[in-house]
Undergrad: 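The structure under discussion is supplied below as structure tokens; questions concerning it will follow.
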Amino acid sequence: MSATAARDLARPPAPSLPVPRWSPVELLPALLVAALGTVLLLPGHGLWFDELFTAEVGRLPFREILAAIVEGRGTTSYLADVPPSYNAPYYLAVHAWVSLPGIGGDTSLRVLSLLATAGGLTLITRGVTRLTTRATGVLAGVLLAANPLLLEQAVEARSYGLAVLATGGALLGLVRRLQEAPRGLLLFGLAGAGMGLAHWYAVTVLAGFVVAGLLLRGRRALPLVLTGAAAVLPTAGLIAVNLLNGTGARNAEHLRDTEGTLADLAVEAWAGGRTPLLYLTVALAVLGALRASGLRVVGTCWVLVPLLLLLAAEWMRPVYLPRYLLAGLLGLGVLAAGGALAVPRGARGPVAALLVGCSLLAASPLAVREPRERADEVVALIAERHVAGEPVVAADQRAATGLDHYVRTAATQLRPDVVLPPDDAPATADRVWLVRRLIDGDPVPTDDDEVLLGAGLRITAETAFPADKTDLVLQLWER
């Protein structure tokens, strides 16, 4: 690639024009995702297991969290085999967040993710604007803000919002480095380190940014390459800690072997399973990779490098889970926005509107989705009917996490009677409230069944709490 061609790819379409100055309109994607996220948060559904884990770990003292991370041990008796090592930096960030005055409720944990996502979209919008035009940057940000996969993760108390924020920072650092060397290198390095610390898979996107820098600047990209290599070191250290303490593969059972169809499944997840949006996104992303001046190299590397790295990794072990690919799929949305504005001028508005409209349509089911887990309702029902002295027993790990959390935050009067694993239900009580998980409609077997049946108790009442992620049931056992 000639130096002239590389310069044209890295800068806006007309190299003689200055880099577009920042404009308030670039905040539109952040405002949109904040508005849509607020709509999703309004029903006030309770936290589910992953979020409950975040809440319970984040409230602990900093030293206790750090010790559990390093030693690979759980923070409670019923989570002894679930240490906070996997997303360790996120739990430390949550601890800092809930330590702020006036912060600490369940909703605030989700708000942290939403604010981080809004910040990330602002940085992505600015980065794409500098690479191309403000229209392309704003369209890219709006398209990402309306995406169902991103919206779903933007309102959950997990680390994906921070991953989006770090990805946006790394993109802007890369663009500044390409256009105004030596500026941008520090931002690229710090945000790049944050990408991997927020989620390991985001390191593949950092690699894509480095490859883009090499293609555009050749040997002049050496500082960028070295900075990218240094940015990976904290993530490598985190992985080493997890390998040494034995928790590195803790979530492996959730991963899926796609048998080479990872790209197809990833795009389907990005489109929320909606075929029209899937085909439209892919077609416009290909057009963007071919014709979106200023965006071709960065956008293409953003999508293809993570995909190729994960396909290679899949030869050794399953790697696929839709949300794990979020940082890389952001590039798909950016390329699609570039493609929408690379069509003939008269068609740009309608195509852009169609793309955003399809995304909003695909995301619309999120506004009416059921709770992922209803442990808050379980505790509320127990608090309404419970008589002091009656044991309230959690039969399994998931039931224990929800019961423990909502007793602490909403029904402290139940605390003296709560029994958590590994303790079994007491055989001496005449009435026992048992909270347990359902899988395929059947209660997960536990030792509590044998204890209670042996003591002469039987189930006299049962209330099911079906949900999207964890189905719970509340049983009343009486003699």
Side-chain angles (χ1 to χ4, degrees), residues 41-61 74-80 82 94-95 98-99 102-111 156-157 370-426 428-438 443-444 446 448 451-452 457 459-478:
L41 290 177
L42 283 177
H45 296 321
L47 304 181
W48 69 286
F49 179 72
D50 282 10
E51 297 179 298
L52 289 165
F53 187 80
T54 294
E56 291 303 299
V57 172
R59 71 184 182 87
L60 299 175
T75 56
T76 67
S77 62
Y78 55 86
L79 292 174
V82 188
V94 167
H95 174 78
V98 298
S99 298
I103 302 295
D106 291 351
T107 301
S108 71
L109 298 175
R110 290 169 168 169
V111 169
E156 294 206 346
E370 296 297 317
R372 297 204 160 211
E373 185 173 316
R374 297 165 63 189
D376 56 332
E377 297 179 43
V378 173
V379 171
L381 183 59
I382 295 173
E384 179 184 329
R385 301 180 180 179
H386 174 265
V387 175
E390 297 175 349
V392 180
V393 182
D396 53 73
Q397 191 178 77
R398 291 218 173 192
T401 307
L403 179 63
D404 193 18
H405 177 80
Y406 284 109
V407 165
R408 177 176 60 82
T409 60
T412 55
Q413 74 274 15
L414 297 177
R415 177 57 65 190
D417 297 320
V418 170
V419 179
L420 301 173
D423 295 336
D424 294 325
T428 56
D430 293 328
R431 282 166 54 97
V432 175
W433 299 91
L434 185 65
V435 184
R436 62 199 309 174
R437 184 184 184 190
L438 296 175
V444 175
T446 70
D448 300 293
V451 171
L452 294 173
L457 279 75
I459 299 174
T460 60
E462 189 173 70
T463 304
F465 294 83
D468 281 350
K469 280 288 186 180
T470 307
D471 293 335
L472 297 173
V473 64
L474 173 63
Q475 298 174 337
L476 175 60
W477 292 67
E478 295 183 288

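Computed from a predicted structure; not experimentally measured.
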Undergrad: Under 4.0 Å between a side-chain nitrogen and a carboxylate oxygen: does that hold for Arg408 and Glu56?
TA: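 Looking at Glu56 together with Arg408, the answer is yes, because their closest N to O distance falls below 4.0 Å.
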Undergrad: Backbone N or O of Pro421 within a donor-acceptor pair of the Ser77 side chain at under 3.5 Å?
TA: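 Yes; at least one donor-acceptor contact below 3.5 Å.
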Undergrad: Does Ala425 offer a backbone N or O that forms a donor-acceptor pair with the side chain of Asp448 under 3.5 Å?
TA: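 It does hold such a pair.
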Undergrad: Taking atom types as modelled, find out whether Asp376 and His45 have a side-chain donor-acceptor pair closer than 3.5 angstrom.
TA: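 Side-chain D/A pair, Asp376 to His45: absent.
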Undergrad: Would you indicate whether Glu370, at its atom CD, is surrounded by more than 12 heavy atoms from other residues, nucleotides or ligands within a distance under 6.0 Å?
TA: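 Not buried by this count: 12 neighbours or fewer within 6.0 Å.
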Undergrad: Checking the side chain of His95 only, and the main-chain atoms of Gly58 only, is there a donor and an acceptor separated by less than 3.5 Å?
TA: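 Yes; at least one donor-acceptor contact below 3.5 Å.
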Undergrad: Between Arg436 (side chain only) and Val444 (backbone N and O only), is there a donor and an acceptor less than 3.5 Å apart?
TA: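 Indeed, once roles are kept as given, a pair shorter than 3.5 Å links the two residues.
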Undergrad: Closer than 4.0 angstrom, basic N to acidic O: yes or no for Glu373 and Lys469?
TA: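 So Glu373 does not pair with Lys469 through a salt bridge.
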Undergrad: Restricting to non-hydrogen atoms, name the atom on Leu109 and the atom on Ala55 that form the minimum distance, rounded to 0.1 Å.
TA: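 Looking at all heavy atoms of both residues, the closest pair is CD1-CB, 3.6 Å.
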Undergrad: Of the non-hydrogen atoms in Val419 and Pro391, which two are nearest, and what is the gap between them?
TA: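 Where Val419 meets Pro391 most closely, the heavy atoms are CG2-CB, 4.5 Å.
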Undergrad: Inspect the contact between Asp404 and Arg415 and indicate whether a charged nitrogen and a carboxylate oxygen are less than 4.0 angstrom apart.
TA: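 Looking at Arg415 and Asp404, the cut-off is met.
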Undergrad: Under a 3.5 Å distance rule, please check whether Arg374 uses its side chain to pair with a backbone N or O of Ala467 as donor and acceptor.
TA: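 Flag not set: sc Arg374 to bb Ala467 has no pair under 3.5 Å.
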Undergrad: Quick check: does any side chain N or O of Glu51 sit under 3.5 Å from a backbone N or O of Ala157, one acting as donor and the other as acceptor?
TA: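 Looks like yes, one N/O pair under 3.5 Å.
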Undergrad: Quick one about Glu390 and Trp433 (side-chain donor to acceptor, distance below 3.5 Å, no hydrogens or angles considered), yes or no?
TA: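 Yes, a side-chain donor-acceptor pair sits under 3.5 Å.
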Undergrad: Indicate yes or no for a side-chain donor-acceptor contact from Asp417 to the backbone of Gly389 under 3.5 Å, with no hydrogens or angles considered.
TA: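 Flag set: sc Asp417 to bb Gly389 pair under 3.5 Å.
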